[in-house]
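One structure is given here, and the rest of the page talks about it.
So you know, we letter chains A, B, ... as the sequences are listed, proteins then strands, and number each from 1. Because the structure is predicted, anything quoted here is derived from the model rather than measured. Keep in mind that the numbers below use all heavy atoms, side chains included, and drop hydrogens, waters and symmetry copies.
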Protein chains: 2
Amino acid sequence: MSRMPTPPADHQVDRIRRFNRFYTRQIGLLNEGLLDSEYSLTEVRVLYELAYRGPLTAAALGQDLGLDAGYLSRILRRFEGRGLIDRSRSAEDRRQVLVSLTDAGRTTFQPLDRASAAQVAAMLSGLSASERESLLQAVSTIERLLDPIRKPEEPYILRSLQVGDIGWIVHRQGVLYAQEYGWDESFEALVAEIAAAFVKAYDPIWERCWIAEREGEVVGSVFLVRHSPEVAKLRLLYVEPSARGLGIGRRLVDECIGFAKAKGYRTLTLWTNDVLVSARRIYQAAGFRLVKEEAHRSFGKDLVGQTWDLTL
Amino acid sequence: MSRMPTPPADHQVDRIRRFNRFYTRQIGLLNEGLLDSEYSLTEVRVLYELAYRGPLTAAALGQDLGLDAGYLSRILRRFEGRGLIDRSRSAEDRRQVLVSLTDAGRTTFQPLDRASAAQVAAMLSGLSASERESLLQAVSTIERLLDPIRKPEEPYILRSLQVGDIGWIVHRQGVLYAQEYGWDESFEALVAEIAAAFVKAYDPIWERCWIAEREGEVVGSVFLVRHSPEVAKLRLLYVEPSARGLGIGRRLVDECIGFAKAKGYRTLTLWTNDVLVSARRIYQAAGFRLVKEEAHRSFGKDLVGQTWDLTL
DNA sequence: ACAGATAGTTGACTGAGTCAACTATCTTCG
DNA sequence: CGAAGATAGTTGACTCAGTCAACTATCTGT
């Protein structure tokens, strides 16, 4: 069913237009810095595309960058004359010319790339760590909302715990469960306690933590701890809203199950609350059975706690 | 003393650069729609500026839009020829020409303005109401963080604990002490434990936490807990590198001392490590005395722990 | 085998924008 | 108070980014 949202308010339109003017100036300032080089902005874009996606046919290059074929041809000829690129006829389709950067081309491009990165780094350096996080969250939000072709999004990786993860996971779960369920600080404190205990008592033979990371950002995590020699416990599963629907939650649970089986545990147990509907669906799909339920008041709310077990 | 924030991570720089490329395309698409008119983008920008900020002198107009004076002169002459603007010598300074839109100019500009607004409205129409709010939040965040003409930095405020703070403080201390002193995850776990314990056992009569916040971002914090009926304990003092040198650390310690005195404690105690030089200076300046020292190995390092007391 | 499409090149051109030289006017300084 | 220097705006000459069309070579589909 197609969505039929209300027309946007004038003030919403005006704010986006103001942002567009503001950000056009921002990008213009960054590009001005770049134009201190002997290459035009378009030329640098061509080099960039070849450096990161090359080799490419001229047609593909022009398509990617939205350039007139005749104009591109002249740019490439100049680059070839300067030894920055090689051009060769494709063996498969002799209409096509394959373009690749030479070593000299890469050497020429590197300082331009670094200069561009340095400008952005300088811009970010004026911000504190949490301001940077806010900025990055904001740009991710805009890309996610406005970019129609970003699906399927880049894959995530799973990795182990690093410095800063514990606090970040505590922070994000605190904020998210407050936003989504109205839970108070005591939930965040519980998460902090569990995570701290995991680190302090960590036994790498029997216990593990998986961090889902995408583009350098944590997008989910889960912990498995040794409850008893035969029982493992899955704790603190969470997935960022911006990364939901990609199977990350399922994947994290599957990793736990795989690890628990490999270690010879007989049972994988977990405690959740009934309002965590998405998580519960994952557990049920994985074969967990509800073994206990009890009402309790926690985190400033009346909740129904549930214990689920999976026989391995 | 100048701020010395940590250099941004490469992945942070890369994400901003990717966003810039993405948003340049976004703006380009919007501008392409505009160029279906008989006016160039620059001409429309001139009309826009005159419509919203006119009348203006030609010099001011060129300054605002970053246009070459000769080029602008020609644009204005074309507009005058079409009856879109009036130009008149300023009575105050006869070098200056005052430019204003005529009724015909406004009539010409209106559909261009509406077309531009309609494009943004169409873009927003593809989003749900909450997605629009997220988008608007995100663009406001970017403007607030990157716009150089925002107010000279606001002073910080001190406030009490909110959801998300615990995790954030754990995260930042974990990251900072790893960067600055090479401490491992166990330090972060300790911070998590202490912070969690503070929340779980919080007694608002005898204990307190101060969060230093500036422009919506946490820039420091300290906790005071009840060690015994007569002894208060200061814990987890930290200040963000980007906010150091502003007296925040001293202020947080002073707040602790004031609160401890007000509550009738006799002693304010704290444990630190000798490598935390800036913190130690603050404690000494506040009158704390070193009462115990012991070597220990923690956080992956050989350290010298120190206990300092202040008699109130 | 041929028509139509694609890939790439080159010629001719437009127009956005730059740079310099100029006139008129205002401000500052000796 | 006059002259030098700066500012405002205009015009001439020019560059060059980019567009459009015509062309050759090659590939695909009927």
(request) Could you tell me whether the side chain of B:Tyr39 reaches within less than 4.5 Å of the side chain of B:Phe109, counting heavy atoms only? (result) no
(message) Could you work out, with ring-ring contact (aromatic ring centres under 6.0 Å, His included) as the rule, every residue matching B:Tyr48, not counting sequence neighbours?
(response) B:Tyr52
(request) Any pair with a residue in residues 97-109 of chain B that passes salt bridge (charged side-chain N to carboxylate O under 4.0 Å, His left out), sequence neighbours left out, goes on the list, sorted by first then second residue, please. (result) none
(message) By the salt bridge (charged side-chain N to carboxylate O under 4.0 Å, His left out) test, which pairs, at least two apart or in different chains, include something from residues 68-81 of chain A?
(response) A:Glu43-A:Arg78, A:Glu80-A:Arg87
(request) Starting at the 5' end of nucleotides 19-30 of chain D, put B wherever the base has a protein heavy atom under 4.0 Å, S where only the sugar-phosphate does, and a dash everywhere else. (result) BB-----BS---
Whole-Å distance between [N] [atom2] and [X] [atom1]?
{"X": "A:Leu76", "N": "D:dG18", "atom1": "CG", "atom2": "C1'", "value": "15 Å"}
{"X": "B:Leu65", "N": "C:dT18", "atom1": "CG", "atom2": "P", "value": "12 Å"}
{"X": "B:Gln63", "N": "D:dG9", "atom1": "CD", "atom2": "P", "value": "12 Å"}
{"X": "A:Arg78", "N": "C:dT9", "atom1": "CZ", "atom2": "C1'", "value": "14 Å"}
{"X": "A:Ile75", "N": "C:dT9", "atom1": "CD1", "atom2": "C1'", "value": "14 Å"}
{"X": "A:Leu61", "N": "C:dT9", "atom1": "CG", "atom2": "P", "value": "12 Å"}

(message) For a quick check of understanding: with a heavy-atom distance under 4.0 Å over all strands, which category does A:Ala69 fall into, base, sugar-phosphate or nothing?
(response) base
(message) Looking at C:dT9, I'd like to know if its phosphate oxygens (OP1 or OP2) sit under 4.0 Å from a side-chain N or O belonging to A:Arg87.
(response) yes
(message) When you measure from the side-chain N and O atoms of A:Thr42 to the phosphate of D:dG18, is any distance below 4.0 Å, counting only OP1 and OP2?
(response) yes
(message) Under the ring-ring contact (aromatic ring centres under 6.0 Å, His included) definition, can you give me all pairs with a residue in residues 113-136 of chain A, not counting sequence neighbours?
(response) none
(message) Once side-chain contact (heavy atoms from CB on, under 4.5 Å) is applied, do any residues pair with B:Gln179, and if so which ones, sequence neighbours excluded?
(response) B:Thr6, B:Val175, B:Leu176
